[in-house]
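This report refers to the structure that appears directly beneath it.
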Amino acid sequence: MRNPMLETMTRLLANATLSLALVIGAASASYAAPPKPSDLKKHSTTPGEKYEPSLDVLKDEKVAQPGTKPGIPSLTKEEFEKANTIYFQRCAGCHGVLRKGATGKALTTDETRERGLEYLQDFITYGSPAGMPNWGTSGDLTKAQINMMARYLLNEPAQPPEFGMKQARASWKVKIPVDQRPTRKMNDLDIDNLFSTTLRDTGEVALIDGKTKKIVSVIKTGYAVHISRISSSGRYLFVIGRDAKVVLIDLWMKVPGEVAEVKIGSEARSVETSKYKGYEDKYAIAGAYWPPQFVIMDGATLEPLKIVSTRGMTYDTQEYHPEPRVASIVASRYRPEFVVTVKETGHVQMVDYSDLKNLKITDIAAERFLHDGGFDSTGRYFLVAANARNKVAVVDTKENKLAALIETQGIKPHPGRGANFIHPKFGPVWVTSHLGDETISLIGTDPVKRPELAWKVVQTLEGQGGGSLFVKTHPKSKYLYVDTPLNPDAEIASSVAVFKIADLAKKEPEYTVLPIGEWSGITEGVRRVVQGEFNKAGDEIWFSVWNGKTQQSAIVVVDDKTLKLKTVIKDKRLVTPTGKFNVFNTRNDIY
Ligand code: DHE
């Protein structure tokens, strides 16, 4: 039996060469009998369920094949390597590197051997209505591959290597020592209005001048580069790739370029720099998915100084989790602390960097499956999505405690860093959209003047649909922008919804659709429109038109006053542009 929705999604995702993990199972995946073909219609393989980590770097890591056991079907070395690649790419995001379970069920051999080969084959082929994609009937995996994966699961999991100080130091390179760097800005660039733009599939960032809209420099970074963050002074740019390589770029150089690099693990997603008064530009931190750890580095050289494992107990049931990944990290302005979110165990760790030898960590029990988030407009409260729990945790970085845990009223919140504005009726709010449905949730953020509304969903808006990743506004803007790049409908994926903030007091606020993909003039590909980012002045917003690696992509600049097209940035070097990080807004947490 075919599942057209899944097939469309799979095709769309493949076209755009997204490496979102294609997951085997979701939180509620059950081990009951394989579903009947008629149940397959109930599969909810929405973008929300597909947006799970794909361990694209670990899949290529050479790991030793565990020994076989009599009576258990074995794999040849070649089969093991192929199965391992498929597992890390498609399954580990949910079931964990060590197969001990994350949002998906544990697939340890005590579980899998009890079920047996045939059962596993059926389950992989048909999936389950609870969220496990139907890999066989969708055509994603062949019969032979399914048999190979079932045998792989009956054998002990492969254990990727650890990555400690020895490996980190061996990878550390200072290309230009501090004393050979400029002592003042050597270029005419308006650094604060540069956009560090992720070129996802070439492993580079393009620095684009906010005024001329020209590429100033393209810099090699890590594999499948993910995000950029800026040092407190605005001089240094930090970029992290999924291969856990952190690259430090000096924006004062005549042509900004790399001055140092280090690897902090095998798979990573987040990086941040110290921002507390007196510690500006002093330290950087990066968080890894594998091994589960964070690394504090020197801010000017990336010398790795301290590695801290995040392995430990889940916050609620207090059971050991062997691989809780580090998700978002932000820098507190109230204390010399990094705010580190630990995904699978649901802890937020306030890591005090004032004394690295006698490291103090205040551990806040929040919620499992923490992912992305940002500050409220005052910079005191950090709001982070626990996406598989449909919640947002609010961390008070002044008092170092959990201020609230909020049901967002949508499915799988994904705020990016969120958006802050003054609502005409409810005052200051912070916003998240959702991967799993069209809900846009507005959360009150003023516990002093509006305590009755603080940390409550004060309003929900209906956007274009699910598959939203990022919302954005600016203190000078009158609008809230909501993207939907992972929506299965190509028209929705290539446009954004814009709400007029002044109209939000109306009963059913309407939105305007900006056909960004069409405005780009590109006619090929799905033209996914992703992540709005304002310029320094807050009068224009930039969107990436994210196509496949061999297709044309672009950046579309919209005039925030008129909501009209201002410019299209096209350049053959703009390959798979996704996130864009304006230096001024990023370093000052303006969103
Ligand atoms: Fe991201 C932020 C993890 C896929 C673009 N992404 C984040 C953060 C995390 C994360 C933990 C928060 C970092 C922080 O603030 O410190 N992302 C993951 C994944 O695990 C996931 C789902 C799958 C994977 O295997 O990596 C994933 N992310 C993507 C993409 O496919 C995106 C859309 C395109 C790309 O370039 O990779 C993407 N993620 C982004 C962007 C941000 C981000 C642009 C930062 C947004 C911001 O405004 O700060």
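Atoms within each ligand, like the ligands themselves, are counted from 1 in listed order. Remember, it's a predicted structure, so these values are computed and weren't measured experimentally.
- Distances from atom 1 (Fe) of ligand 1 to each N, O or S atom of H226 single out NE2 as the nearest.
- The option with the heavy atom closest to atom 33 (C) of ligand 1, from among I227, T578, L469, L55, is L469.
- Every atom of ligand 1 is numbered from 1 in the order shown, and the set under 4.0 Å from a heavy atom of A327 is 11 (C).
- In the vicinity of I329, heavy-atom distances shorter than 4.0 Å reach the ligand 1 atoms 14 (C), 16 (O).
- Taking every non-hydrogen atom of R269 and a distance limit under 4.0 Å, the qualifying atoms of ligand 1 come out as 3 (C), 19 (C), 20 (O), 24 (C), 25 (O), 26 (O).
- For R242, a nitrogen or oxygen atom sits less than 3.5 Å from a nitrogen or oxygen atom of ligand 1, counting backbone and side chain alike.
- In this structure, K536 satisfies the cation-pi test against F584, with its NZ or CZ atom closer than 6.0 Å to the six-membered ring centre and inside 45 degrees of the ring normal.
- Heavy atoms of V530 found under 4.0 angstrom from ligand 1: none, in either backbone or side chain.
- With a 4.0 Å heavy-atom cut-off, ligand 1 is reached by no atom of E533.
- Within the structure, ligand 1 has R229 among the residues with a heavy atom less than 4.0 angstrom away.
- Both cation-pi conditions hold for R311 and W290: the charged atom is under 6.0 angstrom from the six-membered ring centre and inside a 45 degree cone around its axis.
- Ligand 1 has no nitrogen or oxygen under 3.5 angstrom from a nitrogen or oxygen of G373.
- Ligand 1 has no atom lying under 4.0 Å from any heavy atom of Y591.
- The N/O atoms of Y289, backbone and side chain alike, include one that comes under 3.5 Å of an N/O atom in ligand 1.
- Contact check on K245 versus D243 returns no salt bridge, with no Lys/Arg side-chain nitrogen under 4.0 Å from an Asp/Glu carboxylate oxygen.
- With 3.5 Å as the limit, one finds a donor-acceptor pair spanning the side chains of T408 and H434.
- The pair K263-E261 fails the salt-bridge criterion, with no side-chain N (NZ, NE, NH1 or NH2) lying under 4.0 Å from an Asp/Glu carboxylate O.
- Of the listed residues (H371, K580, R417), the one carrying the non-hydrogen atom nearest atom 48 (O) of ligand 1 is R417.
- For ligand 1, none of its N or O atoms has an N or O atom of W546 under 3.5 Å away.
- Using a 4.0 Å cut-off between charged side-chain N and carboxylate O, E344 and R368 make no salt bridge.
- Taking 4.0 Å as the cut-off between side-chain N and carboxylate O, E533 and K472 count as a salt-bridged pair.
- Note on R527 versus E524: no salt bridge recorded, every NZ/NE/NH1/NH2 to OD/OE distance being 4.0 Å or above.
- In terms of N/O distances under 3.5 Å, ligand 1 is not approached by S270.
- Between D298 and K282 there is no salt bridge, since none of the side-chain N atoms of the basic residue sits less than 4.0 Å from a carboxylate O of the acidic one.
- Heavy-atom contacts of F581 reach the following atoms of ligand 1: 45 (C), 47 (C), 49 (O) (cutoff under 4.0 Å).
- Expressed to the nearest 0.5 Å, how far CG of N400 lies from OG1 of T362 amounts to 5.0 Å.
- Distances between N or O atoms of R200 and those of ligand 1 include at least one value under 3.5 Å.
- A cation-pi arrangement is present between R325 and Y289 under the rule of less than 6.0 angstrom and at most 45 degrees off the ring axis.
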